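These notes are about the structure you will find just below.
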Protein chains: 2
Amino acid sequence: MSLESVPPKYAQLVQALQRRIEAGTYPPGSMLPSEHQLIQEFGVSRPTVVAALRVLREQGWIESQQGKGRFVRGRPAMATVESNRTGQAYLTNPETDSPGELVEAGAVALPNRVAALLDAQPKSKAFLRRRLITREGEPSELVSLWLPLELSEGTDLTSGEALRQGIRQHLQSRKGVRFDHIVEQITARMPTVQEVRQLGMPKNVPLLAIFGAARDASGRPLAVVEVLLPADRHELEDAYPVR
Amino acid sequence: MSLESVPPKYAQLVQALQRRIEAGTYPPGSMLPSEHQLIQEFGVSRPTVVAALRVLREQGWIESQQGKGRFVRGRPAMATVESNRTGQAYLTNPETDSPGELVEAGAVALPNRVAALLDAQPKSKAFLRRRLITREGEPSELVSLWLPLELSEGTDLTSGEALRQGIRQHLQSRKGVRFDHIVEQITARMPTVQEVRQLGMPKNVPLLAIFGAARDASGRPLAVVEVLLPADRHELEDAYPVR
DNA sequence: TCTCAAACTTGGTAAAACAACCTGTCGGGT
DNA sequence: ACCCGACAGGTTGTTTTACCAAGTTTGAGA
């Protein structure tokens, strides 16, 4: 059984054209080959070509003029920066993407701030899963996930192994809850002695602390992730259009 | 010649479905009629229905699950909510909105980091305008704006008075440049002694530093704003939908 | 030189088929 | 009686073929 999922043809075409634009084969301002030419070259049908070109237009790589042709704009400036929604990244990407070790997993009393984000009583219990991420062999980030106890039951989150599925997908398939939006808070503070030890960082360097609270469509909190980044080794970057 | 251009069918279908969602005919969480049902009701072909539903999904009105159906999310709320984009706020809002005093205005040598964001040589000169914002009578934030010298000429930025116009509007009307997008970087560091004095903050509390680089559509840097926030009095908050 | 039709371009609609995925039902087995 | 697997029938996702409409450019002919 070959389970290597091949990307759809239109997506392959998108990538091929992006590569040519970046390589300078289609320089900015020049006209892209016509639909008919692309059909000939790639051996696909017109709707497939049109679907690929629509994606490129919506992403800002090209623009089109009816009756004239499609013109290269170049790599969209916004796309060079992968919008670094930190909370989303840690709630969505599989843990196997980032090497690290599990340092804690079990029911604990909630810190005040996390309790407020979960709409729970301070000091009440919830499930905590904490991982120390390593990059290039060095401790890099401390990631903590808090879940209401009823959401942690029947999941693989208690396991010591890295999840091969994103937390979002795991909770959706096992518990049927759907993340709708994330509220993110960013603060800075000095590290505790324990954090200095775990992260192997100087004790006079501040920590960037990102709290991401995932909620469902009705606004009910589902999970909170805290990401601790030593400020001498990390910073956050985001890009957005002005309105 | 009656050339009242009628919108394409798929666009009409988009509007019809949006109206029904807003009217509550399709409440959030409910399942949308299947493609087949929509084909029957509106008397159009499947590609037309699919095109309309694709637009709705990309705009965040609905989400789709292969094998199950399409589900209503409601009017995309996050798109209308002005999220607290710090850099955008300081580059767009009039200075008169926030009381404060001008602490510096003139040509200075660029710090390395700002020079990199402006694509300029380190140590080269640029115009700096720095204001200390006060809230409830207390020093609160230190906001610095760097501009290439050619962009500062002929503007009111050298004036000691608070601008009644946002920096973005001012530069657009005086110099004809348009902000297209902003790249934002967030770091944390310990304050300098001068910053401790100016902000009236404890010297063992870290600073949240936000750098916002405004660029035009081609990616050329136009201006950089740095916002320094004592971490014991400020934090950043943002909200966004999960993709 | 001017006019206009032909030949290109992209945009939109229709009809059909297959693939991938989800969910329930109906069995047979334990 | 209970559990579990196979299967049927639903859904969306992708691809193909076909045709017409609308905008632009070009060149042939008057």
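Chain letters run A, B, ... following the sequence lines, proteins first, then strands; residues in each count from 1. Note that the structure is predicted; figures quoted are calculated from it, not measured.
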Inset, instruction - Measure the distance from CZ on A/Phe42 to C1' on D/dT15 and round it to the nearest whole Å. - result: 17 Å
Legend entry - Contact check, side chains of B/Gln18 and B/Gln59, non-hydrogen atoms, under 4.5 Å: yes
Legend entry - A/Thr48 side chain near D/dT16 phosphate (N/O to OP1/OP2, under 4.0 Å): yes
Inset, instruction - Pick base, sugar-phosphate or nothing for A/Arg57, based on heavy-atom distances below 4.0 Å to the nucleic acid. - result: sugar-phosphate
Inset, instruction - Scan side-chain atoms only and decide if B/Gln88 and B/Arg168 contain a donor-acceptor pair under the 3.5 Å cut-off. - result: no
Legend entry - Atom pair distance, as rounded to whole Å: NE2 in A/His36 and P in D/dT17: 13 Å
Inset, instruction - Rounded off to whole Å, could you give me the CG-to-P distance for the B/Leu38 and D/dT11 pair? - result: 11 Å
Legend entry - Atom-to-atom span, CD of B/Glu35 to P of D/dG13 - whole angstrom: 7 Å
Inset, instruction - Find the distance B/Leu32:CG to D/dG10:C1' and express it as a whole number of Å. - result: 16 Å
Legend entry - Proximity to the side chain of B/Tyr10 - top-ranked nucleotide from C/dT13, D/dT16, C/dA14: C/dT13
Legend entry - For atom CZ of A/Arg46 and atom P of D/dT16, their distance in whole Å: 14 Å
Legend entry - Side chain of B/Ser64 - closest among D/dT12, C/dT13, D/dT15: D/dT12
Inset, instruction - Identify which nucleotide among D/dG13, C/dT9, C/dT23 has an atom closest to any side-chain atom of B/Lys68, counting heavy atoms from C-beta outward. - result: C/dT23
Inset, instruction - Would you tell me if any nitrogen or oxygen in the side chain of B/Ser34 comes within less than 4.0 Å of OP1 or OP2 on D/dG10? - result: no
Inset, instruction - Could you tell me the separation between the CG atom of A/Leu13 and the P atom of D/dT16, rounded to a whole number of Å? - result: 11 Å
Inset, instruction - Have a look at B/Tyr90 and tell me which of B/Val227, B/Ile210, B/Leu145 forms a side-chain contact (heavy atoms from CB on, under 4.5 Å) with it. - result: B/Val227
Inset, instruction - With DNA chain D as reference, determine whether A/Lys9 or B/Met31 sits nearer its 5' end, using the nearest nucleotide of each. - result: B/Met31
Inset, instruction - Using only side-chain N and O atoms of B/Arg70, determine if any of them is under 4.0 Å from OP1 or OP2 of D/dG13. - result: yes
Legend entry - Proximity to the side chain of A/Ser45 - top-ranked nucleotide from C/dC22, D/dA21, D/dT17: D/dT17
Legend entry - B/Pro8 side-chain proximity, nearest of C/dA20, C/dT13, C/dT9: C/dT13
Inset, instruction - May I ask you to check whether A/Ser144 and A/Arg130 show a side-chain donor-acceptor distance below 3.5 Å? - result: yes
Inset, instruction - Indicate, with a heavy-atom threshold strictly under 4.0 Å, whether A/Val50 touches base, sugar-phosphate, or nothing. - result: nothing
Inset, instruction - Compute both the distance and the angle, then confirm whether A/Arg215 meets the cation-pi test with A/Phe179: under 6.0 Å from the six-membered ring centre, within 45 degrees of the axis. - result: no
Legend entry - Protein-nucleotide distance (B/Gln40, atom CD; C/dA14, atom P), rounded to Å: 13 Å
